[in-house]
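Since the structure comes first, as structure tokens, the remarks are kept for the end.
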Amino acid sequence: MRSSVITLALGAAGALLLAACGGSTSPYGGGGGGCTPTSAKICTTASLQFSPATLTVAAGTTVTWENGGGGAHTVTSATGSADTYDMALATGTVSHQFMTAGTYNFYCKNHGANGTPPTGMHGTITVQP
């Protein structure tokens with residue numbers, strides 16, 4: 001009897017958790033962990049992705065990455081990127097200002113691989129003039 005009460009309680013908690021995760025109204029997708037992507041903010045997710053994976057901004061925009069999925073991540077410029085940055089993102093946020101028009105590929109050194117383009121946990125920022 002005790003195991004059925006525990007199973008029922010765990011099932012109810014799981015259903016509430018799933019319901020809470022499915023309600024993102026952001027046009028950029030859900031970030032997870034309470035992080036909501038915006039037109040200049042990218043979230044990490046528990047599924048080891050950046051959300052959104054692609055972002056388009058105007059030159060001079062500061063883009064912020066927020067750790068929404070827990071775990072330690074990095075935001076690292078990929079080979080061939082027009083800018084160089086390597087920021088640890090264990091908790092909280094990191095930011096980088098993109099001054100020049102171009103395409104900027106980035107990845108997480110812990111969950112992705114550098115390349116042109118990178119693989120694994122990666123993303124692309126397109127900066128327009």
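All figures in this text were calculated on a predicted structure; none of them were measured in a lab.
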Out of curiosity, does M121 fall in the hydrophobic cluster containing L55 (side-chain heavy atoms, cut-off under 4.5 Å, transitive links)?
yes

Set of residues satisfying side chain to side chain contact (heavy atoms under 4.5 Å, CB included) with respect to M87, sequence neighbours excluded:
W65, V75, Y85, V94, H96

Test of understanding: with side chain to side chain donor-acceptor pair (under 3.5 Å), list the residues that count as partners of T56, not counting sequence neighbours.
none

Those residues at least two apart in sequence (or on a different chain) that pass side chain to side chain donor-acceptor pair (under 3.5 Å) with T79 are N114

Salt bridge (charged side-chain N to carboxylate O under 4.0 Å, His left out): which pairs involve residues 51-61, sequence neighbours left out?
none

Given the side-chain rings of F106 and F50, with only the six-membered ring counted for Trp, is the space between their centroids under 6.0 Å?
yes

Under 3.5 Å, is there a donor-acceptor pair between the side chain of T38 and the main chain of A40?
yes

A72 backbone acceptor or donor facing N67 side chain under 3.5 Å:
no

In terms of heavy-atom contacts, A78 and G115 come closest through CB-O, 3.8 Å

Hey, could you give me each pair passing salt bridge (charged side-chain N to carboxylate O under 4.0 Å, His left out) that has a residue in residues 52-65? Not counting sequence neighbours.
none

Enumerate the salt bridge (charged side-chain N to carboxylate O under 4.0 Å, His left out) contacts for residues 54-64, please, sequence neighbours excluded, ordered by first and then second residue.
none

Measure across Q97 and G60 and return the closest heavy-atom pair with its distance rounded to 0.1 Å.
NE2-O, 2.9 Å

Quick one: closest heavy-atom pair of Y104 and S81, and the distance?
CD2-OG, 3.5 Å

Which residues pass the side chain to side chain donor-acceptor pair (under 3.5 Å) test with S95, sequence neighbours left out?
T64

Atom pair CG/CD1 of D83 and I125 - distance to nearest 0.5 Å
10.0 Å

If you compare all heavy atoms of C43 against all heavy atoms of P37, which two are closest, and at what distance to 0.1 Å?
SG-N, 3.5 Å

Hydrophobic cluster identity match, V127 and I42, side-chain contacts under 4.5 Å:
yes

When rounded to the nearest 0.5 Å, the distance separating CG of L89 from NZ of K109 is 13.0 Å

Per the side-chain hydrogen bond (donor to acceptor under 3.5 Å, both in side chains) rule, what does the pair list look like for residues 116-127, sequence neighbours excluded?
N105-T124

Pairs involving residues 69-78, ordered by first then second residue, that meet side-chain hydrogen bond (donor to acceptor under 3.5 Å, both in side chains) (sequence neighbours left out):
H73-H111, T74-T76, T76-D86

Gap between atom CG of L48 and atom SG of C108 - 0.5 Å precision:
7.5 Å

Only pairs at least two apart or in different chains count here, so list each salt bridge (charged side-chain N to carboxylate O under 4.0 Å, His left out) that has a residue in residues 72-81.
none

Looking at E66 and T93, would you say the former's side chain and the latter's main chain have a donor-acceptor pair under 3.5 Å?
no

